[in-house]
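To start, the structure under review is shown below, and the notes come after it.
Given the structure is predicted, the values throughout are model-derived calculations rather than measurements. We use all heavy atoms of the structure for the numbers below, so side chains are in, but hydrogens, waters and symmetry mates are not. To find a chain, count down the sequence lines: A is the first, B the second, and so on, and within it residues start at 1.
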Amino acid sequence: MTNEELAAVFERVADLLEIKGENAYRVLAYRRVAETLRTLGQEVSLLRAQGRLQEIPGVGKAIAEKIEELLDTGELGFLKRLEAEVPPSLIELLQIPDVGPKRAALFWKQAGITTLEALEEAARAGRLRTLPGMGEKSESRILEGIEALRRRSHRLPLGMARPMALRWVEWLRQQPGVIRVELAGSLRRWRATVGDLDLVAASHQPEALMDAFVHHPDVYRVLAQGENKASIETKSGTRLQLWCQPPEKFGSLWQYATGSKEHNVRLRGLAQKQNLSLSEHGLSDETGHEQHFADEESLYQALGLPWIPPELREDRGEIEAALKGQLPELLRKEHLQSELHTHSTWSDGAATLEEMIAAAYARGLRVIAITDHSAGLGIANGLTPERLHQQRAEIEALRQRWGDKLLILQGAEVEIRADGQLDYPDEVLAELDLVIASLHVSLRQSRSEITRRVLNAICNPHVDIIGHPSGRLLPNREGADLDWDTVLAEALKHGTALEINANPARLDLDDVYARRAAEMGIPLALNTDAHTPGDLDLIEYGIGIARRGWVEPPQIINTWSPERLLGWLRGRG
DNA sequence: GCCGTTTTCGGCCCGACTGTTTTCAGTCG
C-alpha cells in the first residue's frame, strides 16, 4: 500500500469515528496521521521494514500496529468493525456544506437516512425540518448545498485560482474606506490547488466593505455575512471568503487567515505556554487584555519567533526550525539566471527561436536552453535527428547575433518511450548541450515498469534533467505510480537533476518530493516548459513550489552562473 | 490516540456565523 492509500484508510476511520460520536481528540489523531503520511516523502513500508514506524510524528503503538496490519494484509479489522457499526455511505454526507458529523448521525439515527439521495429526497419532502435542531432554513440550506456539491468542481489549480483572486483584490481595493487588501489562505501559501479563495482587508468600515463584497455582480449566492467576515459563491461555482478588521489588527488577521490551520494550532499552543490566548484579534492574557498587531512580524515576534514565510506554514517542521533560528533561506526570483526548458515553432511552441530568446533576455536571464520535443511517436511535431541538425544551424546564427548577451544552449526534451528506450540514440544525445528526458505516454504502467523507464533515463550519462518527473496534470490526472525511493536514490547516485516544472498545470516535482530530493542533495532544475514568451512568467509558480519544499537556492541549477552550469553540463558527457 | 526540560495521566486552539433556540449547538476555517 502507498502512503496515500494508508492515509485514505485513516481518513475514513476518522470520519466514521466522528459520526459515531467518538472523542474528538481520538478522531484528530487519525486525521493528523493521515496528513503526515501524505506529506512524508518516503515510503512507510520502508520505515516499517526498519522498525521505525513510531518515529513518524503522531504514530504511537496503536496506529503503528494498524499500519503493519494494512501493509501485511491490505485490510484493517478495526475499520471493518467500524463499517459494520456506522454505514460508510454517511461519509459522503460530510461533503455537503453545513453537514458535519453531528447532523449526519442525526439523519441516520432519527430518520434512517444513510445516502446523499435519501437525504435529498427527505429534504424535498420537507421531512428534515421536523428533526430536532432543524428547521425550514436548515433544510433549504442543505438542499442548496447538495446542488452546489453537484455543480461545483473540486479544488482549483493555483494557475486558475490566483489570477481570479487577484482580480477580486483589485476590485476590493477600489472600494471606499479600504486601506489594504491581500491574498490569504492556501493562495498565499502557494499550494498547487486551492479550495476556497481567501482574502483579507483592512478598513475602518468593515461592514460597508462586506456589503459591497456580497453585492459584487459575480455573486451567485451569499453563504454568510457578518460584521467582519463574509462568504460568497460566484456564478462559476467558486467560493470566496473575505475577512476585514481595522488596520491595527491587520497583522493578526492576515496571519490567521493565511493558515494553515495546522500551523495556527501550533502557534496557539505556543501562546498557551505563555499563558496567552491567540486569535485573529491578537494575543490576550488572563485578565482579558488584548494586544493587537498591525503586521505579522510583530505577532511572530511576540510569540518568540522570527517571521515565517507563508509557504512554510504547514506544520511540517517550520515552528521547530524557527525556534532554533534555522529557517531555510528560500529561493527568490532574482536568484534565477537560466531557463532550461523551452519550446519553439520547431516543435509545438508558438514562438520562433529568436522570440523566445528575446523574451528570456528581457526577463534578465543569462542562459536559455531550447529544448524542443524529440520525434518519438509523432507527438508535438517532434524533431528527427535531421531537423535537429537544421535547428542547430539556426541556433548557431542566433549565437552570432546575440553574442555574449545571452548564452543559448541547444537541448532537447527527449521522450522516454513506453518500452523505456530514449527517443534519440546516444550519439545524437551526445551532440546536444543539454538533455531533458520526460514521460508523456503510457503513464498508467505498473509501478515496476514505469519506474524502470525513468531509471533508464536517469542512468543514461547524456541525460541531465528528468522533466516533470511524475507526469501529473492538475487537477485531474494523477502522476505515474513511481517507486520514489528508488528514483531518488538513483538520481542522487548519477547526479541527474530532477525538474520542478513551473507550469501551474504540472507543478511537478511537487513540494513534498522537491523537499525530499533537496534534503538528499539531488540537484534540482526549475523551469517553465514555456511554449510562448509569456509562459516564462509562470516561473513564479515554480518558485512557490520550491519555497514550499524548503529548497535553498544553491540546490537549484538555474541559480548557478553560466560558467558553473556549463561546467556541470560538460562534466556529464 | 498521542505525548511529555512543568506531566506516563491529563491535557490536547479559538472565534465568527447561522439557525433554532430562549442560552446554545453545529459547522467552518
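Taking the P atoms as reference points, B:dG26 lies 14 Å from B:dT22, given to the whole Å. Straight-line distance between the C1' atoms of B:dA16 and B:dC9: roughly 34 Å, to the nearest whole Å. B:dT23 and B:dG19 have their C1' atoms separated by 13 Å, given to the nearest Å. The gap from the C1' atom of B:dG11 to that of B:dT7 amounts to 9 Å, rounded to the nearest Å. Comparing B:dT21 with B:dA25, their C1' atoms sit 10 Å apart, to the nearest whole Å. Straight-line distance between the P atoms of B:dT6 and B:dT20: roughly 48 Å, to the nearest whole Å. Here, B:dC14 and B:dT8 have their C1' atoms 29 Å apart, quoted to the whole Å. B:dC13 and B:dG29 are spaced 12 Å apart, taking the C1' atom of each and rounding to whole Å.
Nearer the 5' end of DNA chain B, as judged by each residue's closest nucleotide, is the contact made by A:Arg268, out of A:Val99 and A:Arg268. Of the two residues contacting DNA chain B, namely A:Ser279 and A:Asp196, the nearest-nucleotide position lying further toward the 5' end is that of A:Ser279.
Backbone-only contact: A:Glu136 has heavy atoms under 4.0 Å from sugar-phosphate atoms and none from a base. When heavy atoms are screened at a 4.0 angstrom cut-off, A:Lys261 is found touching base atoms of the nucleic acid. A:Asn264 comes within 4.0 angstrom of no nucleic acid atom, judged by non-hydrogen atoms across all strands. Note on A:Leu278: only backbone sugar-phosphate atoms sit closer than 4.0 angstrom, heavy atoms only; bases stay farther off. Counting any heavy atom pair closer than 4.0 Å across all strands shown, A:Ile96 reaches sugar-phosphate atoms only and no base atom. Counting any heavy atom pair closer than 4.0 Å across all strands shown, A:Pro101 reaches sugar-phosphate atoms only and no base atom. Looking at heavy-atom distances under 4.0 Å, A:Ser277 makes contact with sugar-phosphate atoms alone, never a base.
A:Arg26 has a side-chain polar atom (N or O) that falls below the 4.0 Å cut-off from OP1 or OP2 of B:dG1. Close to B:dG1, at under 4.0 Å from its OP1 or OP2, lies no side-chain N or O of A:Tyr25. OP1 or OP2 of B:dA16 lies within a sub-4.0 Å distance of a side-chain N or O belonging to A:His281. In terms of phosphate contacts, A:Arg141 brings a side-chain nitrogen or oxygen within less than 4.0 Å of OP1 or OP2 of B:dG19. Contact annotation: A:Lys66 reaches the phosphate of B:dG1 (side-chain N/O to OP1 or OP2, under 4.0 Å). A close approach under 4.0 Å does not occur between any side-chain nitrogen or oxygen of A:Ser138 and OP1 or OP2 of B:dG19. A close approach under 4.0 Å does occur between a side-chain nitrogen or oxygen of A:Gln272 and OP1 or OP2 of B:dC14.
In this structure, B:dT8 forms no base pair with any nucleotide, since neither Watson-Crick nor G-U wobble geometry is met with both distances under 3.5 Å.
Distance A:Trp254 CH2 to B:dG29 C1': 18 Å, rounded to the nearest Å. One atom, CZ of A:Arg32, and another, P of B:dC12, lie 12 Å apart when rounded to the nearest Å. Distance CG (A:Asp315) to P (B:dC12): 17 Å, rounded to an integer number of Å. A:Arg239 has its CZ atom 15 Å from the P atom of B:dT27, to the nearest Å. Between A:Glu144 atom CD and B:dG19 atom C1' there is a gap of 14 Å when expressed in whole angstrom units. With rounding to whole Å, A:Leu17 atom CG is found 8 Å from B:dG1 atom P. Between the CG atom of A:Leu267 and the C1' atom of B:dC14 there is a distance of 12 Å, rounded to whole Å. Distance A:Leu242 CG to B:dC17 C1': 14 Å, rounded to the nearest Å.
Closest contact between the side chain of A:Ala224 and the listed nucleotides B:dC2, B:dC17, B:dG29 involves B:dC17. Listed candidates were B:dA16, B:dG19, B:dG1. Nearest to the side chain of A:Lys137 is B:dG19.
For A:Arg32, the CZ atom counts as loosely surrounded, since its 6.0 Å shell holds 12 or fewer non-hydrogen atoms of other residues, nucleotides or ligands.
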Practice item. Mind running salt bridge (charged side-chain N to carboxylate O under 4.0 Å, His left out) on A:Arg173 and A:Glu182 for me, showing each step along the way? Key: CA-CA 9 Å; A:Arg173 281 179 180 158; A:Glu182 300 290 349; 3.7 Å; yes

Point to revise | Test log, rule side-chain contact (heavy atoms from CB on, under 4.5 Å), inputs A:Ile308 and A:His263 | key: CA-CA 10 Å; A:Ile308 299 177; A:His263 176 87; 3.9 Å; yes

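Listed by first and then second residue, the side chain to side chain donor-acceptor pair (under 3.5 Å) pairs involving residues 88-109 of chain A are A:Asp98-A:Arg141 (not counting sequence neighbours).
No cation-pi contact links A:Arg316 to A:Trp550, judged by a cut-off of 6.0 Å to the six-membered ring centre and 45° from its axis.
Under the 30°/60° scheme for interplanar angles, the aromatic rings of A:Phe213 and A:Trp168 are found to stand perpendicular.
Using a 4.5 Å heavy-atom threshold, the side chains of A:Tyr30 and A:Ile63 count as touching. At a threshold of 4.5 Å between non-hydrogen side-chain atoms, the residues A:Asp15 and A:Arg31 count as touching.
At a cut-off of 3.5 angstrom, the base of B:dG29 holds at least one donor-acceptor pair with the side chain of A:Tyr256.
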